[in-house]
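Predicted model, so just to flag it, every value in this text is computed and none were measured. The chains referred to below are lettered A, B, ... by the order of the sequence lines, with proteins before strands, and numbering in each begins at 1.
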Amino acid sequence: MRVGLFIPCYVNQFYPQVGIATLQLLEKFGCEVDYPLAQTCCGQPMANSGYESLTGNCNELFTKNFSSFDYIVCPSGSCVLHIKEHLHSAKDRTAATAIRRNVYELTEFLTDVLNVDRLQAAFPYKVGLHQSCHGQRGLHLSQMSELVAKPYSKPERLLNMVEGLELIELDRKDECCGFGGTFCVTEEAVSVKMGKDRVRDHEAHGADYITGADMSCLMHLQGILKRQGSKVQVKHIAEILNAQ
Amino acid sequence: MSNSNHHTDHATLAEKFNRDEARVNWHDETLWFIRQKRDRAAWSLGNEWEPLRETASAIKAHTLSNLSDYLQQFEKAAQQNGITVHWAADGEEHNRIVHGILAKHNATQLVKSKSMLTEECHLNDYLKEKGVEVIDTDLGERIVQLAEEHPSHIVLPCIHWKKEEIGELFHKHLGSPEGVIDPSFLTNTARVHLREKFLTRRVAITGVNFAIAETGEFVVCTNEGNADMGAHLSDVHIACMGIEKLIPKREHLGVFLRLLARSATGQPITTYSSHFKKPREGQEMHLVLVDNGRSTQLGREDFRNSLKCIRCGACFNTCPVYRRSGGHSYHTAIAGPIGSILAPNLDMRQYKDLPFASTLCGSCSNVCPVKINIHEQLYQWRQVLTEEGYQPKSKTVAMKAMAATLSKPSLFSIAGKWGRKVMGLVPGLVSNRLNPWYKQREMPAPPEQSFTEWYKQNRKGGKS
Ligand code: SF4
């Protein structure tokens, strides 16, 4: 099984440890992983700002980089959702269609493709799971509180396999953190207020760490935690699932 | 709207709202409480809930794709029932029609209940200028009217008012004792005040929740019963409705009535679901059918579904941005997520900010009882606003630069390396008050190496 590793641009630049953890995890489960060095970004920052029309070149580059893999895996629900919904290629339509079908967010890949039911990981802390909206409501990584439907959660199921880890309950289990791409600067006041409220929910329930499947949300929450001088830290779910 | 806020945008108004954090918390929690009530009401129907939403959405889709036929069928049936039917192309014409009816009867006073449409058309301001006194009879609407404000929520118009403030307002305008904040006392004060209005006004305006093409009747859903009180005591009843309020048959009504109140407030059904079919003996009944941009929206394929809206307000209550920015920050009669996809259809220039007043979290689409893909339409409006040239030039320039960098891997890696270096060497460059990120958040600490650099060092055979 040849897996193409897709690392979001800001993770590549600011959170290399998340890329490393993702790669090591996939290797542990026997995947043959390749990281195309010429990758940049999925184009989401432009598209969500209203400039999907400018993402043509990004799309072509992405298609070229990832057309030769059985699966494409990425530690971000948001970037995966963008590719799934908006990747098009004028040069190679077949490849783009295949990529849209074969691109997976890390926890859904571990759950649905690799059928992981055991992990060798330990993380003896109280952990709050932040559901990133694009992963949850877009990729359906877990059930959404608005729907009258049976609960499930792919990230939670994996976290429960980690030794010593205690998942905490939250008052609002799937409220948006307010990152929202450029929203975090264009609507600074509301964005920060949303983030502060998320942080407070985790703190009130005694979290040592906030985790999630999207580093962008965690970066936003981390910025707030640090400013407030909080002891609570953020950690991407890949790092926890890979923790020894 | 004739709101003094119209020249400024959502972000600015939201920032103002957020200066009083305790109030934001209170607003957020009040609305979240209603969202939770909605959840419990939905769960109480168990397996029926999601199919009900599906059915409602399908009935509306069918109606919208045959709207002109159903409108004509409805008009004919209503006329046969003795209702006078009027057609208004826009808000202005709607207001003229209403005023014409009033003038014919020499009426200079009227009572009104349950109509967001008249808010949309700015009827109150129009009639005020013509010397007509309008009394909004629903408690929430009356409160914002006394305060010379506009509703901040389509179902809970004065949700932004605390009971202490209402007590003060009533003391000032209705003569209740100073300092009294007991809700039932205040409600009673309003009731006494309104009773006199009901008994003396000859004309009543109501909104319409559902109009039934087959029978020519319309249904008004309320909790306070003021629509009934006004309509039944009046000599002239004027009902105003958007053309999208239609449903084909009476048997479809049950689907919507079950969804509406559960989605709106978590009640199984509104206290009153009043059917109006024909004028009572000696009474005149008018129905004004208003387009005001609706057929334009119907013609926009990506946005057509927004006309399915039954104005339950559930998308407001669940919206994490609405809860923390307040209805007035949307500077339009219909705020919230649905307002943000309806308003640009009416005026892209004035409402170009609204599709960006969202994180695209998608909670709105999930609660919507008629399954409008609200967050997808917000995304789509952003694209349209760019195409139509409503984005600021500076943003376009920045986006083009970003697109150029991201299309060239070599440029991207240089920019990334440079960016991390500079952040490390001169942290003040990004960590300053001019950077909106930094105002209340720390920047991430730049690492030594990017993942790409690490990969090249640690894994052989990286595909380039
Ligand atoms: S868009 Fe849907 S949820 Fe929002 S008010 Fe309309 S019907 Fe209700």
Pick whichever of [options] has the most heavy-atom pairs under 4.5 Å with chain B.
options	value
A:Arg137, A:Met46, A:Arg172	A:Arg172
A:Val11, A:Leu23, A:Thr55, A:Val18	A:Leu23
A:Ser49, A:Pro45, A:Ala189, A:Cys133	A:Ser49
A:Val190, A:Asn48, A:Asn57	A:Asn48
A:Gly180, A:Gly223, A:Gly4	A:Gly223
A:Lys226, A:Lys196, A:Glu175, A:Met144	A:Glu175

Kindly say whether [Y] contributes a backbone atom to a donor-acceptor pair with the side chain of [X] at under 3.5 angstrom?
X	Y	answer
A:Gln136	A:Gln131	no
A:Ser142	A:Ser153	no
B:Arg382	A:Tyr51	no
A:Ser76	A:Pro8	no
B:Thr318	B:Cys315	no
A:His205	A:Asp201	yes

Contacting moiety of [X], where chain B heavy atoms sit under 4.5 Å:
X	result
A:Val33	backbone
A:Ala149	backbone
A:Asn59	neither
A:Cys9	both
A:Leu225	neither
A:Ile224	both
A:Leu61	side chain
A:Ser132	neither
A:Arg200	side chain

So which residue, [options], ends up with the most heavy-atom pairs under 4.5 Å with chain A?
options	value
B:Gln36, B:Glu48, B:Arg19, B:Gln391	B:Gln391
B:Arg323, B:Glu50, B:Glu15, B:Lys408	B:Glu50
B:Val24, B:Val321, B:Thr359	B:Thr359
B:Arg35, B:Gln380, B:Met402, B:Arg38	B:Arg35
B:Ser407, B:Ala42, B:Ser325, B:Cys361	B:Cys361
B:Glu453, B:Arg324, B:Glu448	B:Arg324

Would you mind reporting whether [Y] and [X] have side-chain heavy atoms less than 4.5 Å apart?
X	Y	result
B:His10	B:Phe356	no
A:Asn102	A:Asp70	no
A:Arg100	A:His88	yes

Residues [X] and [Y]: side-chain donor-acceptor under 3.5 angstrom:
X	Y	value
B:Glu442	A:Gln222	no
A:Glu60	A:Ser89	yes
B:Asp353	B:His331	yes

Using non-hydrogen atoms and a 4.5 Å limit, figure out which bit of [X] sits close to chain A: side chain, backbone, both or neither.
X	answer
B:Leu360	both
B:Ser358	backbone
B:Trp43	both
B:Ala398	neither

Subject >> Check against side-chain contact (heavy atoms from CB on, under 4.5 Å), A:Ile83 and A:Phe62 >> reply: CA-CA 9 Å; A:Ile83 292 297; A:Phe62 195 96; 3.8 Å; yes
Original post:
Do B:Arg441's NZ or CZ and the ring of B:Trp437 fall within the cation-pi criteria of under 6.0 Å and 45°?
Top reply: yes
Subject >> Centroid-centroid under 6.0 Å between B:His160 and B:His328 rings >> reply: yes
Original post:
For the residue pair B:Tyr330 and B:Tyr351, is the inter-centroid distance of their aromatic rings smaller than 6.0 Å?
Top reply: no
Subject >> A:Phe66 and A:Phe69 aromatic ring geometry - parallel, tilted or perpendicular at 30°/60° bounds >> reply: tilted
**OP:** Can you label the angle between the B:Tyr322 ring and the B:Phe316 ring as parallel, tilted or perpendicular, going by 30° and 60°?
**Re:** perpendicular
**OP:** Output the residues of residues 365-378 of chain B for which the shortest heavy-atom distance to chain A is under 4.5 Å, in residue-number order; output 'none' if no such residue exists.
**Re:** B:Asn366, B:Val367
